[in-house]
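Scroll down for the structure; my scribbles are underneath it.
In listed order, ligands and their atoms are each counted from 1.
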Amino acid sequence: MRQSSLVVVANRLPIDDSVAPDGACEWRRSPGGLVSALHPLLRHTPATWVGWAGGTGPAPALPDVDGVRMHTVALSADDLRDHYEGFANATLWPLYHDSVEQPEYHRRWWEAYQRVNQRFAEATADVAEPGAVVWVQDYHLQLVPGLLRELRPDLRIGFFLHVPFPPPELFMQLPRRAELLRGMLGADLIGFQRSQAAHNFAQLVAKVLEVPATDRRIAVDDRVVRIGAFPVSIDTVEMAALATRPDVVDRAARLRRDLGSPEQVVLSVDRMDYTKGIEQRLKAYSELLADGHVKVRDTVLVQVAVPSRERVGQYQILRERVEREVGRINGEFGRVGEPAIHYLTQPFDRAELAALYRVADVMAVTPLRDGMNLVAKEYVAARVDGTGALLLSEFAGAAAELPQAYLVNPHDLEGLKQGLLAALRGSPDDLGARMRTMRAHLHRHDIRAWARSYLSALDDSGSLLTRLGAAG
Ligand code: ADP
Ligand code: G6P
(Lines give C-alpha, C1' and ligand atoms only; values in the text may rest on other atoms or scores of the structure.)
(Ligands and ions follow the chains in the order given, each with its own letter.)
Protein backbone atom coordinates (compact mmCIF):
# COMPACT_ATOMS: atom_id res chain seq x y z
CA MET A 1 0.00 0.00 0.00
CA ARG A 2 1.46 3.37 -1.05
CA GLN A 3 1.36 5.91 1.75
CA SER A 4 1.10 9.73 1.76
CA SER A 5 2.17 12.49 4.10
CA LEU A 6 -1.12 14.32 3.48
CA VAL A 7 -4.42 12.50 3.49
CA VAL A 8 -7.77 14.17 2.89
CA VAL A 9 -10.74 12.16 4.08
CA ALA A 10 -14.18 13.12 2.78
CA ASN A 11 -17.32 11.12 2.18
CA ARG A 12 -17.26 12.10 -1.46
CA LEU A 13 -14.35 11.81 -3.86
CA PRO A 14 -13.82 14.79 -6.18
CA ILE A 15 -15.10 12.73 -9.10
CA ASP A 16 -18.10 10.51 -9.42
CA ASP A 17 -19.38 8.21 -12.08
CA SER A 18 -22.05 9.36 -14.43
CA VAL A 19 -23.45 8.02 -17.62
CA ALA A 20 -22.28 9.70 -20.81
CA PRO A 21 -24.78 10.35 -23.63
CA ASP A 22 -23.54 7.24 -25.46
CA GLY A 23 -24.34 5.10 -22.44
CA ALA A 24 -20.70 4.64 -21.38
CA CYS A 25 -19.63 5.30 -17.80
CA GLU A 26 -17.61 8.48 -17.44
CA TRP A 27 -16.04 10.23 -14.47
CA ARG A 28 -16.77 13.86 -13.82
CA ARG A 29 -16.16 16.33 -11.03
CA SER A 30 -18.90 16.05 -8.41
CA PRO A 31 -20.94 19.20 -7.79
CA GLY A 32 -20.95 20.46 -4.22
CA GLY A 33 -19.06 22.94 -2.10
CA LEU A 34 -16.63 20.58 -0.42
CA VAL A 35 -15.21 19.27 -3.67
CA SER A 36 -15.13 22.76 -5.22
CA ALA A 37 -13.08 23.99 -2.30
CA LEU A 38 -10.57 21.18 -1.99
CA HIS A 39 -10.08 20.06 -5.56
CA PRO A 40 -8.15 23.11 -6.79
CA LEU A 41 -6.08 23.15 -3.64
CA LEU A 42 -4.73 19.64 -3.85
CA ARG A 43 -4.17 19.63 -7.58
CA HIS A 44 -0.66 18.38 -8.33
CA THR A 45 0.06 17.57 -4.68
CA PRO A 46 1.25 14.10 -3.73
CA ALA A 47 -1.70 13.57 -1.43
CA THR A 48 -4.25 10.81 -1.06
CA TRP A 49 -7.99 11.47 -1.00
CA VAL A 50 -9.96 8.81 0.85
CA GLY A 51 -13.63 8.80 -0.14
CA TRP A 52 -16.62 7.16 -1.71
CA ALA A 53 -17.06 7.06 -5.51
CA GLY A 54 -20.83 7.37 -5.50
CA GLY A 55 -22.10 3.83 -6.12
CA THR A 56 -22.61 0.62 -4.18
CA GLY A 57 -20.67 -2.63 -4.24
CA PRO A 58 -16.92 -3.16 -4.41
CA ALA A 59 -14.75 -0.04 -4.44
CA PRO A 60 -13.63 0.79 -7.99
CA ALA A 61 -9.92 1.36 -8.56
CA LEU A 62 -9.62 4.93 -9.78
CA PRO A 63 -6.76 6.65 -11.56
CA ASP A 64 -5.02 9.59 -9.92
CA VAL A 65 -6.86 12.87 -10.48
CA ASP A 66 -4.48 15.74 -11.21
CA GLY A 67 -1.73 13.97 -9.28
CA VAL A 68 -3.90 13.20 -6.25
CA ARG A 69 -4.30 9.54 -5.40
CA MET A 70 -7.89 8.35 -5.12
CA HIS A 71 -8.43 5.75 -2.39
CA THR A 72 -11.98 4.48 -2.64
CA VAL A 73 -14.09 3.32 0.29
CA ALA A 74 -16.93 0.98 -0.65
CA LEU A 75 -20.49 1.48 0.57
CA SER A 76 -23.01 -1.35 0.42
CA ALA A 77 -26.63 -0.70 -0.46
CA ASP A 78 -27.43 -0.76 3.29
CA ASP A 79 -24.63 1.69 4.05
CA LEU A 80 -25.89 4.00 1.34
CA ARG A 81 -29.41 3.93 2.71
CA ASP A 82 -28.62 4.09 6.42
CA HIS A 83 -25.35 6.03 6.59
CA TYR A 84 -25.41 8.43 3.62
CA GLU A 85 -29.11 8.93 2.98
CA GLY A 86 -30.09 8.20 6.57
CA PHE A 87 -27.92 9.48 9.40
CA ALA A 88 -25.85 11.92 7.32
CA ASN A 89 -28.59 13.41 5.15
CA ALA A 90 -31.87 12.85 6.96
CA THR A 91 -30.62 13.28 10.56
CA LEU A 92 -27.56 15.54 10.65
CA TRP A 93 -28.09 17.66 7.50
CA PRO A 94 -31.55 18.97 8.45
CA LEU A 95 -30.63 19.30 12.13
CA TYR A 96 -27.50 21.34 11.31
CA HIS A 97 -29.49 23.59 8.96
CA ASP A 98 -31.85 25.00 11.58
CA SER A 99 -34.17 21.97 11.25
CA VAL A 100 -35.78 23.59 8.21
CA GLU A 101 -36.96 20.03 7.59
CA GLN A 102 -37.64 17.65 10.45
CA PRO A 103 -34.58 15.48 11.31
CA GLU A 104 -35.32 11.78 11.73
CA TYR A 105 -33.71 9.55 14.36
CA HIS A 106 -33.31 5.80 13.83
CA ARG A 107 -31.05 3.45 15.76
CA ARG A 108 -30.23 1.47 12.61
CA TRP A 109 -28.93 4.66 10.95
CA TRP A 110 -26.65 5.35 13.88
CA GLU A 111 -25.20 1.83 13.69
CA ALA A 112 -24.48 2.32 9.98
CA TYR A 113 -22.88 5.71 10.69
CA GLN A 114 -20.53 4.11 13.22
CA ARG A 115 -19.74 1.22 10.88
CA VAL A 116 -18.95 3.45 7.92
CA ASN A 117 -16.90 5.88 10.02
CA GLN A 118 -14.87 2.90 11.28
CA ARG A 119 -14.26 1.81 7.67
CA PHE A 120 -13.07 5.29 6.69
CA ALA A 121 -10.77 5.43 9.75
CA GLU A 122 -9.22 2.07 8.87
CA ALA A 123 -8.74 3.01 5.22
CA THR A 124 -7.07 6.25 6.33
CA ALA A 125 -4.81 4.46 8.80
CA ASP A 126 -3.60 2.25 5.91
CA VAL A 127 -2.64 5.09 3.56
CA ALA A 128 -1.17 7.62 6.02
CA GLU A 129 2.59 7.48 6.36
CA PRO A 130 4.09 7.77 9.87
CA GLY A 131 3.44 11.24 11.30
CA ALA A 132 1.24 12.23 8.34
CA VAL A 133 -1.25 15.08 8.41
CA VAL A 134 -4.82 13.87 7.99
CA TRP A 135 -7.60 16.30 7.20
CA VAL A 136 -11.08 14.90 7.81
CA GLN A 137 -14.02 16.73 6.20
CA ASP A 138 -17.62 17.28 7.12
CA TYR A 139 -20.61 15.89 8.94
CA HIS A 140 -20.58 12.40 7.38
CA LEU A 141 -17.37 11.56 9.23
CA GLN A 142 -17.56 13.13 12.66
CA LEU A 143 -16.45 9.94 14.41
CA VAL A 144 -13.36 9.47 12.23
CA PRO A 145 -10.98 11.74 14.20
CA GLY A 146 -11.57 9.79 17.43
CA LEU A 147 -11.45 6.36 15.76
CA LEU A 148 -8.31 7.29 13.83
CA ARG A 149 -6.51 8.55 16.91
CA GLU A 150 -7.05 5.16 18.54
CA LEU A 151 -5.63 3.39 15.48
CA ARG A 152 -2.81 5.84 14.77
CA PRO A 153 -1.82 8.12 17.64
CA ASP A 154 1.21 9.28 15.60
CA LEU A 155 -0.94 11.26 13.13
CA ARG A 156 -1.75 14.96 13.19
CA ILE A 157 -5.49 15.09 12.70
CA GLY A 158 -7.59 18.02 11.54
CA PHE A 159 -11.36 18.15 11.16
CA PHE A 160 -13.31 20.74 9.19
CA LEU A 161 -17.07 21.10 9.18
CA HIS A 162 -18.36 22.64 5.93
CA VAL A 163 -21.93 23.00 7.17
CA PRO A 164 -23.25 25.10 10.07
CA PHE A 165 -22.86 23.74 13.59
CA PRO A 166 -26.22 24.25 15.28
CA PRO A 167 -27.08 26.02 18.50
CA PRO A 168 -27.05 23.77 21.59
CA GLU A 169 -30.85 23.59 21.88
CA LEU A 170 -31.03 21.89 18.48
CA PHE A 171 -27.98 19.65 18.82
CA MET A 172 -29.29 18.42 22.18
CA GLN A 173 -32.04 16.54 20.30
CA LEU A 174 -29.50 14.03 19.01
CA PRO A 175 -29.81 10.72 20.85
CA ARG A 176 -26.04 10.04 20.46
CA ARG A 177 -24.82 13.60 20.98
CA ALA A 178 -22.00 12.75 23.41
CA GLU A 179 -20.44 10.20 21.03
CA LEU A 180 -20.53 12.66 18.13
CA LEU A 181 -18.80 15.36 20.16
CA ARG A 182 -16.20 12.91 21.44
CA GLY A 183 -15.55 11.72 17.88
CA MET A 184 -14.76 15.24 16.71
CA LEU A 185 -12.55 15.83 19.74
CA GLY A 186 -10.18 13.15 18.43
CA ALA A 187 -8.83 15.94 16.19
CA ASP A 188 -6.00 18.33 17.10
CA LEU A 189 -7.81 21.21 15.41
CA ILE A 190 -11.53 21.53 14.63
CA GLY A 191 -12.40 24.14 12.04
CA PHE A 192 -15.81 25.74 11.48
CA GLN A 193 -17.06 28.26 8.93
CA ARG A 194 -18.14 30.83 11.53
CA SER A 195 -17.01 31.74 15.04
CA GLN A 196 -20.62 31.30 16.19
CA ALA A 197 -20.30 27.60 15.31
CA ALA A 198 -17.11 27.25 17.35
CA HIS A 199 -18.94 28.94 20.22
CA ASN A 200 -21.89 26.54 19.90
CA PHE A 201 -19.50 23.59 19.91
CA ALA A 202 -17.62 24.80 23.00
CA GLN A 203 -20.85 25.34 24.89
CA LEU A 204 -22.06 21.85 24.02
CA VAL A 205 -18.83 20.17 24.97
CA ALA A 206 -18.85 21.93 28.34
CA LYS A 207 -22.45 20.97 28.95
CA VAL A 208 -22.59 17.41 27.59
CA LEU A 209 -19.07 16.17 28.34
CA GLU A 210 -18.44 18.44 31.35
CA VAL A 211 -14.91 19.37 30.31
CA PRO A 212 -13.35 22.85 30.37
CA ALA A 213 -13.99 24.55 27.02
CA THR A 214 -13.52 28.03 25.59
CA ASP A 215 -14.22 29.18 22.03
CA ARG A 216 -10.55 28.47 21.23
CA ARG A 217 -9.37 25.54 23.35
CA ILE A 218 -10.86 22.42 24.89
CA ALA A 219 -9.03 20.24 27.41
CA VAL A 220 -9.92 16.60 26.91
CA ASP A 221 -8.14 13.58 28.39
CA ASP A 222 -4.51 14.69 28.46
CA ARG A 223 -4.72 16.77 25.27
CA VAL A 224 -5.72 20.25 24.18
CA VAL A 225 -7.98 20.46 21.14
CA ARG A 226 -8.01 23.81 19.37
CA ILE A 227 -11.14 25.09 17.67
CA GLY A 228 -11.77 28.12 15.49
CA ALA A 229 -13.39 29.72 12.45
CA PHE A 230 -11.80 29.28 9.00
CA PRO A 231 -14.29 30.49 6.37
CA VAL A 232 -13.80 28.41 3.25
CA SER A 233 -13.33 30.03 -0.14
CA ILE A 234 -12.77 29.36 -3.83
CA ASP A 235 -10.01 29.55 -6.39
CA THR A 236 -10.73 33.14 -7.40
CA VAL A 237 -7.85 33.31 -9.88
CA GLU A 238 -9.06 30.18 -11.66
CA MET A 239 -12.64 31.47 -11.87
CA ALA A 240 -11.53 34.89 -13.14
CA ALA A 241 -9.29 33.23 -15.74
CA LEU A 242 -12.15 31.01 -16.89
CA ALA A 243 -14.51 33.94 -17.14
CA THR A 244 -12.09 35.80 -19.42
CA ARG A 245 -11.38 32.88 -21.75
CA PRO A 246 -12.50 33.83 -25.28
CA ASP A 247 -14.63 30.69 -25.69
CA VAL A 248 -16.40 31.46 -22.39
CA VAL A 249 -17.00 35.07 -23.45
CA ASP A 250 -18.48 33.80 -26.74
CA ARG A 251 -20.56 31.21 -24.93
CA ALA A 252 -21.94 33.91 -22.64
CA ALA A 253 -22.88 36.12 -25.60
CA ARG A 254 -24.60 33.16 -27.26
CA LEU A 255 -26.46 32.31 -24.06
CA ARG A 256 -27.77 35.84 -23.83
CA ARG A 257 -29.04 35.68 -27.40
CA ASP A 258 -30.59 32.27 -26.75
CA LEU A 259 -32.39 33.76 -23.75
CA GLY A 260 -34.00 36.28 -26.13
CA SER A 261 -31.56 39.13 -25.41
CA PRO A 262 -33.51 40.32 -22.36
CA GLU A 263 -32.55 43.54 -20.60
CA GLN A 264 -31.71 41.65 -17.44
CA VAL A 265 -30.93 38.07 -16.49
CA VAL A 266 -31.39 36.79 -12.95
CA LEU A 267 -29.51 33.55 -12.20
CA SER A 268 -29.66 30.99 -9.40
CA VAL A 269 -27.43 27.92 -9.21
CA ASP A 270 -28.15 25.40 -6.48
CA ARG A 271 -28.07 21.75 -5.65
CA MET A 272 -31.74 20.79 -5.41
CA ASP A 273 -31.84 21.12 -1.63
CA TYR A 274 -34.50 22.41 0.76
CA THR A 275 -31.87 24.53 2.51
CA LYS A 276 -31.38 26.64 -0.62
CA GLY A 277 -34.65 28.55 -0.43
CA ILE A 278 -35.62 27.74 -4.04
CA GLU A 279 -39.36 27.74 -3.36
CA GLN A 280 -39.28 31.06 -1.51
CA ARG A 281 -37.31 32.59 -4.39
CA LEU A 282 -39.76 31.31 -7.00
CA LYS A 283 -42.63 32.72 -4.99
CA ALA A 284 -40.98 36.13 -4.76
CA TYR A 285 -40.30 36.13 -8.49
CA SER A 286 -43.80 35.04 -9.35
CA GLU A 287 -45.31 37.81 -7.17
CA LEU A 288 -43.09 40.39 -8.85
CA LEU A 289 -44.38 39.18 -12.22
CA ALA A 290 -47.97 39.25 -10.96
CA ASP A 291 -47.53 42.76 -9.48
CA GLY A 292 -46.16 43.91 -12.83
CA HIS A 293 -42.84 45.03 -11.28
CA VAL A 294 -41.01 42.59 -13.51
CA LYS A 295 -41.92 41.82 -17.13
CA VAL A 296 -41.02 38.56 -18.82
CA ARG A 297 -40.02 40.38 -21.99
CA ASP A 298 -37.38 42.40 -20.11
CA THR A 299 -36.23 40.07 -17.37
CA VAL A 300 -35.71 36.32 -17.27
CA LEU A 301 -34.86 34.00 -14.43
CA VAL A 302 -32.47 31.11 -15.06
CA GLN A 303 -32.75 28.53 -12.30
CA VAL A 304 -30.16 25.76 -12.33
CA ALA A 305 -31.05 23.09 -9.78
CA VAL A 306 -28.94 19.96 -10.06
CA PRO A 307 -30.68 16.97 -8.45
CA SER A 308 -29.10 15.82 -5.21
CA ARG A 309 -29.64 12.94 -2.73
CA GLU A 310 -32.47 11.83 -4.94
CA ARG A 311 -33.69 8.88 -2.92
CA VAL A 312 -34.20 10.87 0.28
CA GLY A 313 -37.92 11.56 0.67
CA GLN A 314 -37.60 15.25 1.54
CA TYR A 315 -35.55 15.83 -1.61
CA GLN A 316 -38.07 14.04 -3.80
CA ILE A 317 -40.90 16.12 -2.38
CA LEU A 318 -38.92 19.31 -2.91
CA ARG A 319 -38.18 18.49 -6.55
CA GLU A 320 -41.83 17.79 -7.27
CA ARG A 321 -42.88 21.04 -5.64
CA VAL A 322 -40.25 23.12 -7.42
CA GLU A 323 -41.12 21.62 -10.80
CA ARG A 324 -44.82 22.14 -10.26
CA GLU A 325 -44.21 25.77 -9.34
CA VAL A 326 -41.89 26.38 -12.33
CA GLY A 327 -44.60 24.89 -14.57
CA ARG A 328 -47.27 27.07 -12.99
CA ILE A 329 -45.23 30.27 -13.32
CA ASN A 330 -44.30 29.53 -16.92
CA GLY A 331 -47.88 28.64 -17.75
CA GLU A 332 -49.19 31.81 -16.18
CA PHE A 333 -46.57 34.37 -17.19
CA GLY A 334 -44.60 32.91 -20.12
CA ARG A 335 -45.30 33.44 -23.80
CA VAL A 336 -44.59 31.21 -26.74
CA GLY A 337 -40.78 31.07 -26.99
CA GLU A 338 -40.47 33.31 -23.91
CA PRO A 339 -40.66 31.33 -20.68
CA ALA A 340 -40.53 33.31 -17.44
CA ILE A 341 -38.11 30.80 -15.94
CA HIS A 342 -35.45 28.79 -17.74
CA TYR A 343 -35.16 25.73 -15.54
CA LEU A 344 -32.13 23.43 -15.91
CA THR A 345 -31.27 20.36 -13.89
CA GLN A 346 -28.07 19.35 -15.65
CA PRO A 347 -24.61 19.38 -14.17
CA PHE A 348 -22.41 21.90 -15.98
CA ASP A 349 -18.68 21.98 -16.38
CA ARG A 350 -16.76 24.87 -14.89
CA ALA A 351 -16.53 26.80 -18.17
CA GLU A 352 -20.29 26.64 -18.69
CA LEU A 353 -20.87 27.80 -15.14
CA ALA A 354 -18.48 30.70 -15.72
CA ALA A 355 -20.42 31.64 -18.88
CA LEU A 356 -23.68 31.59 -16.90
CA TYR A 357 -22.16 33.82 -14.21
CA ARG A 358 -21.05 36.24 -16.94
CA VAL A 359 -24.58 36.45 -18.28
CA ALA A 360 -26.21 37.09 -14.90
CA ASP A 361 -26.97 40.74 -14.15
CA VAL A 362 -28.30 39.61 -10.79
CA MET A 363 -27.21 36.44 -8.98
CA ALA A 364 -29.85 35.35 -6.48
CA VAL A 365 -28.36 33.23 -3.69
CA THR A 366 -31.02 33.00 -1.02
CA PRO A 367 -30.59 29.88 1.15
CA LEU A 368 -32.55 29.48 4.37
CA ARG A 369 -29.29 28.35 5.96
CA ASP A 370 -25.92 27.58 4.39
CA GLY A 371 -22.50 26.90 5.90
CA MET A 372 -20.81 29.19 3.36
CA ASN A 373 -22.26 29.06 -0.21
CA LEU A 374 -19.49 28.99 -2.76
CA VAL A 375 -21.78 29.86 -5.67
CA ALA A 376 -22.01 33.41 -4.29
CA LYS A 377 -18.21 33.66 -4.23
CA GLU A 378 -17.86 32.11 -7.69
CA TYR A 379 -20.21 34.72 -9.12
CA VAL A 380 -18.24 37.61 -7.64
CA ALA A 381 -14.96 36.11 -8.88
CA ALA A 382 -16.39 35.69 -12.40
CA ARG A 383 -17.50 39.37 -12.66
CA VAL A 384 -14.16 40.46 -14.02
CA ASP A 385 -15.57 43.71 -15.46
CA GLY A 386 -16.87 44.72 -12.01
CA THR A 387 -20.55 44.75 -13.00
CA GLY A 388 -23.43 42.69 -11.64
CA ALA A 389 -25.39 42.47 -8.41
CA LEU A 390 -25.36 39.77 -5.76
CA LEU A 391 -28.59 39.13 -3.86
CA LEU A 392 -27.52 37.16 -0.80
CA SER A 393 -29.28 35.58 2.14
CA GLU A 394 -28.26 36.75 5.60
CA PHE A 395 -28.26 33.08 6.55
CA ALA A 396 -25.43 32.06 4.22
CA GLY A 397 -21.97 32.01 5.80
CA ALA A 398 -20.81 34.15 2.87
CA ALA A 399 -22.94 37.07 4.11
CA ALA A 400 -20.47 37.76 6.92
CA GLU A 401 -17.73 38.32 4.35
CA LEU A 402 -19.75 40.03 1.62
CA PRO A 403 -21.87 42.67 3.35
CA GLN A 404 -21.86 44.75 0.15
CA ALA A 405 -24.25 42.25 -1.41
CA TYR A 406 -27.98 43.01 -1.29
CA LEU A 407 -28.66 41.12 1.91
CA VAL A 408 -32.10 39.61 2.43
CA ASN A 409 -33.99 37.42 4.86
CA PRO A 410 -35.41 34.70 2.60
CA HIS A 411 -38.23 33.97 5.06
CA ASP A 412 -39.49 37.52 4.58
CA LEU A 413 -41.24 37.40 1.22
CA GLU A 414 -41.74 41.16 1.02
CA GLY A 415 -38.08 41.77 1.91
CA LEU A 416 -36.99 39.23 -0.68
CA LYS A 417 -39.04 40.96 -3.39
CA GLN A 418 -37.72 44.37 -2.43
CA GLY A 419 -34.14 43.05 -2.35
CA LEU A 420 -34.48 41.57 -5.82
CA LEU A 421 -35.97 44.78 -7.19
CA ALA A 422 -33.22 46.84 -5.57
CA ALA A 423 -30.60 44.56 -7.14
CA LEU A 424 -32.31 44.82 -10.56
CA ARG A 425 -32.53 48.60 -10.29
CA GLY A 426 -29.15 49.39 -8.71
CA SER A 427 -27.28 52.27 -10.33
CA PRO A 428 -24.10 51.28 -12.21
CA ASP A 429 -21.97 53.38 -9.83
CA ASP A 430 -23.39 51.77 -6.72
CA LEU A 431 -23.21 48.29 -8.16
CA GLY A 432 -19.63 48.85 -9.28
CA ALA A 433 -18.57 50.08 -5.84
CA ARG A 434 -20.16 47.07 -4.14
CA MET A 435 -18.65 44.59 -6.59
CA ARG A 436 -15.18 46.13 -6.33
CA THR A 437 -15.15 45.75 -2.55
CA MET A 438 -16.39 42.16 -2.71
CA ARG A 439 -13.84 41.25 -5.36
CA ALA A 440 -11.01 42.79 -3.34
CA HIS A 441 -12.09 40.77 -0.32
CA LEU A 442 -12.15 37.50 -2.27
CA HIS A 443 -8.82 38.29 -3.84
CA ARG A 444 -7.28 38.32 -0.36
CA HIS A 445 -9.41 35.51 1.06
CA ASP A 446 -9.23 32.81 -1.57
CA ILE A 447 -8.91 29.05 -1.21
CA ARG A 448 -5.17 29.25 -0.68
CA ALA A 449 -5.57 31.74 2.14
CA TRP A 450 -8.08 29.36 3.71
CA ALA A 451 -5.73 26.39 3.45
CA ARG A 452 -2.83 28.50 4.71
CA SER A 453 -4.67 29.60 7.81
CA TYR A 454 -6.10 26.17 8.59
CA LEU A 455 -3.02 24.09 7.84
CA SER A 456 -0.59 26.45 9.53
CA ALA A 457 -2.74 26.19 12.65
CA LEU A 458 -2.80 22.38 12.33
CA ASP A 459 0.81 21.76 11.37
CA ASP A 460 2.97 24.25 13.22
CA SER A 461 6.18 22.93 11.61
CA GLY A 462 5.08 24.62 8.35
CA SER A 463 6.49 21.82 6.19
CA LEU A 464 3.12 20.78 4.86
CA LEU A 465 2.34 24.26 3.64
CA THR A 466 5.59 24.51 1.78
CA ARG A 467 4.84 21.24 0.00
CA LEU A 468 1.32 22.35 -0.86
CA GLY A 469 2.65 25.53 -2.37
CA ALA A 470 -0.11 27.24 -0.41
CA ALA A 471 2.26 29.50 1.48
CA GLY A 472 3.15 31.58 -1.56
P1 ADP B 1 -23.31 23.11 -1.47
O2 ADP B 1 -21.99 22.92 -0.82
O3 ADP B 1 -24.46 23.06 -0.53
O4 ADP B 1 -23.52 22.24 -2.65
P5 ADP B 1 -22.12 25.57 -2.49
O6 ADP B 1 -22.73 26.76 -3.13
O7 ADP B 1 -21.17 25.87 -1.38
O8 ADP B 1 -23.31 24.62 -2.03
O9 ADP B 1 -21.30 24.74 -3.55
C10 ADP B 1 -21.90 24.22 -4.70
C11 ADP B 1 -20.78 23.91 -5.70
O12 ADP B 1 -21.33 23.04 -6.70
C13 ADP B 1 -20.29 25.15 -6.40
O14 ADP B 1 -18.90 25.07 -6.59
C15 ADP B 1 -21.03 25.12 -7.74
O16 ADP B 1 -20.31 25.70 -8.80
C17 ADP B 1 -21.18 23.63 -7.97
N18 ADP B 1 -22.41 23.39 -8.73
C19 ADP B 1 -23.66 23.76 -8.43
N20 ADP B 1 -24.53 23.42 -9.40
C21 ADP B 1 -23.81 22.82 -10.34
C22 ADP B 1 -24.13 22.24 -11.60
N23 ADP B 1 -25.37 22.24 -12.11
N24 ADP B 1 -23.11 21.71 -12.29
C25 ADP B 1 -21.86 21.71 -11.81
N26 ADP B 1 -21.50 22.24 -10.64
C27 ADP B 1 -22.46 22.78 -9.91
C1 G6P C 1 -22.33 20.01 0.76
C2 G6P C 1 -21.66 19.16 1.82
C3 G6P C 1 -20.63 18.24 1.17
C4 G6P C 1 -21.28 17.44 0.06
C5 G6P C 1 -21.97 18.37 -0.94
C6 G6P C 1 -22.72 17.61 -2.04
O7 G6P C 1 -21.34 20.80 0.19
O8 G6P C 1 -21.06 19.99 2.80
O9 G6P C 1 -20.05 17.38 2.13
O10 G6P C 1 -20.33 16.63 -0.60
O11 G6P C 1 -22.90 19.18 -0.26
O12 G6P C 1 -23.60 16.70 -1.49
P13 G6P C 1 -23.50 15.13 -1.78
O14 G6P C 1 -24.50 14.51 -0.85
O15 G6P C 1 -23.82 14.97 -3.21
O16 G6P C 1 -22.09 14.69 -1.47
To atom 3 (O) of ligand 1, the nearest of Met372, Lys377, Lys276 on a heavy-atom basis is Lys276
Option of least heavy-atom distance to atom 1 (C) of ligand 2 (set: His140, Arg12, Arg309):
Arg309
Carboxylate-amine/guanidinium contact [X] [Y], below 4.0 Å:
X: Arg156; Y: Asp459; answer: no
X: Glu325; Y: Lys283; answer: no
X: Arg439; Y: Asp385; answer: no
X: Glu378; Y: Arg350; answer: yes

Going by the 4.0 angstrom heavy-atom rule, the piece of Asn11 near ligand 2 is neither
For the backbone of Phe87 and the side chain of Trp110, can you confirm whether one donor and one acceptor N or O come within less than 3.5 Å of each other?
no
If you count the atoms of ligand 1 from 1 in the order shown, which ones are under 4.0 Å from a heavy atom of [X]?
X: Asn373; answer: 6 (O), 7 (O)
X: Val304; answer: 23 (N)
X: Leu353; answer: 16 (O), 25 (C), 26 (N), 27 (C)
X: Glu378; answer: 13 (C), 14 (O), 15 (C), 16 (O)
X: Val269; answer: 19 (C), 20 (N)

Taking the six-membered ring for Trp, are Phe120 and His140 closer than 6.0 Å centroid to centroid?
no
Ring centroid separation for Trp93 and Tyr315, is it under 6.0 angstrom?
no
The single option from Tyr139, Phe159, Phe230, Phe165 passing ring pair (Phe, Tyr, Trp, His ring centres under 6.0 Å) against Phe192
Phe165
Work out whether the distance between some heavy atom of Arg271 and some atom of ligand 2 is less than 4.0 Å.
yes
Look only at interatomic distance and state if Trp93 has a nitrogen or oxygen under 3.5 Å from any nitrogen or oxygen of ligand 2.
no
Asp138-ligand 2 polar pair, N/O distance under 3.5 Å:
yes
Taking atom CZ of Arg115 as the centre, does the number of heavy atoms from other residues, nucleotides or ligands within less than 6.0 Å exceed 12?
yes
Closer than 4.0 angstrom: is that true for some heavy atom of [X] and an atom of ligand 1?
X: Arg271; value: yes
X: Gln346; value: yes
X: Arg350; value: yes

Please say whether Phe348 places an N or O atom under 3.5 Å from an N or O atom belonging to ligand 1.
yes
To the closest 0.5 Å, what do you measure between OG1 (Thr366) and CG (Asp270)?
7.0 Å
Drop me the distance from Arg245's CZ to Arg358's CZ, to the nearest 0.5 angstrom.
12.0 Å
Close side-chain approach of Leu143 and Leu180, heavy atoms under 4.5 Å
yes
Would you mind running through ligand 2 and noting each atom that sits below 4.0 Å from a heavy atom of Tyr84?
13 (P), 14 (O), 15 (O)
Could you tell me, atom by atom, which parts of ligand 2 come under 4.0 Å of a heavy atom of Val163?
8 (O)
Report the part of Val306 in contact with ligand 1, treating N, CA, C, O as backbone and CB onward as side chain, heavy atoms under 4.0 Å; options are side chain, backbone, both, neither.
side chain
Give the contacting part of Val375 toward ligand 1: side chain, backbone, both or neither, where contact means a heavy-atom distance below 4.0 Å.
both
